[in-house]
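One structure is given here, and the rest of the page talks about it.
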Amino acid sequence: MERLPGVLLFFLAIFFSTTQAYEPLINHHIHLLRSKSGAGGSSVPGVSCLSWRLGVEVRNIINWKTVPAQCESYVGHYMLGHQYRKDSKAVTDVAWLYAKSLNLTKDGKNVWVFDIDETTLSNLPYYARHGFGTEVYNSTSFDEWVLEGTAPALPESLQLYKKLLKLGVKVVFITGRGEDRRSVTTTNLKNVGYRTWEKLVLKGSAYSGKTSYVYKSAEREKLEKSGFRIIGNIGDRWSDILGTSVGNRTFKLPDPLYYIS
């Protein structure tokens, strides 16, 4: 795989360092910065890339393996442009308005559940090198990326996290990453600004072969049985926010890069 071009690296740095300004500082064109490679996305005949993304976000299109190859440029523009950040902010702004409207007890039992990948940490630098989801998922190369421990924070989620802590709400991370990734995940989270949390739950061997939907439901149930109240739950996949013990309110962030059941 060729190295990420310097111009795209520059733009990624701008993307993750700005939290308020959404307009790109350069007129970027993904198809000019990297070749249009991409493997075998399953498309829906006659559906535009914009409509395909909408179908994915509202869960009308499910069980897809890759982003359609012809949508690589579109998804790249969306993820690196201002709209992805604006869409993310729209979600976290509503989540914050909800949280601060609550009359919370001060017993230390109010928690907010965060997913990690594409929710608190962004793997966009990885996907920018791998066709923006058009390539078939490669667990080996993705694990190599995770082990680097350099995933940036999604700025809007980081701001929500900080506001919730000031409100007295405790944070619980529930991630599909394996238990053997605890050390690198902990370090990565702290390095980008997530300094403290109540629990960091990773997927242990007991859930081998289980879907994310089953695993996350079970772990949320454990939280409630131990006395916590899940007042909010945010993730980028439907499997993060569906199932049992989902919390008083759920919030879904945009993510057209991959599908998890």
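Count residues from 1 along the sequence. None of these values were measured; they are calculated from a predicted model. Excluded from the calculations below are hydrogen atoms, water molecules and symmetry mates; all remaining heavy atoms, backbone and side chain alike, are included.
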Residues [X], [Y]: salt bridge by 4.0 Å N-O rule:
| X | Y | result |
| --- | --- | --- |
| Glu156 | Arg85 | yes |
| Glu219 | Lys222 | yes |
| Asp107 | Arg229 | yes |
| Arg181 | Asp143 | yes |

Self-check item: Qualifying residues under side chain to side chain donor-acceptor pair (under 3.5 Å), relative to Ser88, sequence neighbours excluded
Solution: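 With sequence neighbours excluded, Ser88 shows a side chain to side chain donor-acceptor pair (under 3.5 Å) to no residue whatsoever.
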Self-check item: Under the side chain to side chain donor-acceptor pair (under 3.5 Å) test, residues paired with Asp236 that sit two or more places apart
Solution: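 Expected list: Thr119.
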Distance check, rounded to the nearest 0.5 Å: [X] atom [atom1] versus [Y] atom [atom2]?
| X | Y | atom1 | atom2 | result |
| --- | --- | --- | --- | --- |
| His130 | Ser141 | NE2 | OG | 4.5 Å |
| Arg53 | Asp255 | CZ | CG | 11.0 Å |
| Arg195 | Asn191 | CZ | CG | 7.5 Å |
| Phe228 | Ser245 | CZ | OG | 14.0 Å |
| Tyr194 | Phe173 | OH | CZ | 6.5 Å |
| Tyr215 | Lys210 | OH | NZ | 14.5 Å |

With no hydrogens and no angle check, is any side-chain donor or acceptor of [X] less than 3.5 Å from a backbone partner on [Y]?
| X | Y | value |
| --- | --- | --- |
| Thr185 | Arg182 | no |
| Tyr137 | Thr66 | no |
| Tyr213 | Ile241 | no |
| Thr187 | Val184 | no |
| Ser122 | Glu118 | no |
| Asp117 | Gly176 | no |

Give the minimum heavy-atom separation between [X] and [Y], together with the two atoms involved.
| X | Y | answer |
| --- | --- | --- |
| Gln70 | Cys49 | O-SG, 3.9 Å |
| Val56 | Trp238 | O-NE1, 4.1 Å |
| Thr134 | Ala69 | CG2-CA, 4.0 Å |
| Pro125 | Trp145 | CB-CH2, 3.8 Å |
| Leu167 | Lys106 | O-NZ, 4.4 Å |
| Lys109 | Ser226 | NZ-O, 4.0 Å |

Practice problem: Please lay out, stage by stage, how Ile174 and Asp115 fare under the test side-chain contact (heavy atoms from CB on, under 4.5 Å). | Solution: CA-CA 5 Å; Ile174 302 181; Asp115 171 51; over 6 Å; no
Quiz prompt | Any side-chain heavy-atom pair of Glu57 and Lys252 under 4.5 Å | solution =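 SC-SC contact between Glu57 and Lys252 confirmed.
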Quiz item: Can you find a pair of side-chain heavy atoms, one from Thr175 and one from Lys203, that are under 4.5 Å apart?
Solution: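 No. Closest side-chain heavy atoms not under 4.5 Å.
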With no hydrogens and no angle check, just 3.5 Å: does a side-chain donor-acceptor pair link [X] and [Y]?
| X | Y | answer |
| --- | --- | --- |
| Tyr258 | Arg237 | no |
| Thr244 | Glu221 | yes |
| Ser48 | Ser51 | yes |
| Trp112 | Asn233 | no |

Quiz item: Are Leu102 and Val91 co-members of a hydrophobic cluster defined by side-chain heavy atoms under 4.5 Å apart?
Solution: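 Cluster IDs for Val91 and Leu102 match.
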Quiz item: Same cluster or not: are Leu158 and Trp96 linked, directly or through other Ile, Leu, Val, Met, Phe, Trp or Tyr residues, by side-chain heavy atoms under 4.5 angstrom apart?
Solution: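 Yes, because Leu158 and Trp96 connect within a single hydrophobic cluster, where side-chain heavy atoms sit under 4.5 Å apart.
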Practice problem: Report the residue from Asp240, Leu160, Val172 that forms a side chain to side chain contact (heavy atoms under 4.5 Å, CB included) with Phe114. | Solution: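 Running side chain to side chain contact (heavy atoms under 4.5 Å, CB included) over Asp240, Leu160, Val172 with Phe114 returns exactly one hit, Leu160.
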Exercise. Scan Thr196, Leu189, Leu154, Ile234 and name whichever one has a side chain to side chain contact (heavy atoms under 4.5 Å, CB included) with Tyr161.
Key: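 Only one option passes, and that is Thr196.
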Exercise. Evaluate the criterion side-chain contact (heavy atoms from CB on, under 4.5 Å) for residue pair Val136 and Lys65; output intermediate values, then yes/no.
Key: CA-CA 7 Å; Val136 175; Lys65 301 299 183 184; 6.0 Å; no
Practice problem: Apply the test side-chain contact (heavy atoms from CB on, under 4.5 Å) to residues Arg177 and Val146: give CA-CA distance (whole Å), side-chain angles for both, the deciding distance (0.1 Å), then the verdict. | Solution: CA-CA 9 Å; Arg177 294 184 177 195; Val146 169; 3.6 Å; yes
Exercise. Test side-chain contact (heavy atoms from CB on, under 4.5 Å) on Ile230 and Arg220 and set out the steps.
Key: CA-CA 8 Å; Ile230 303 174; Arg220 291 192 302 263; 3.9 Å; yes
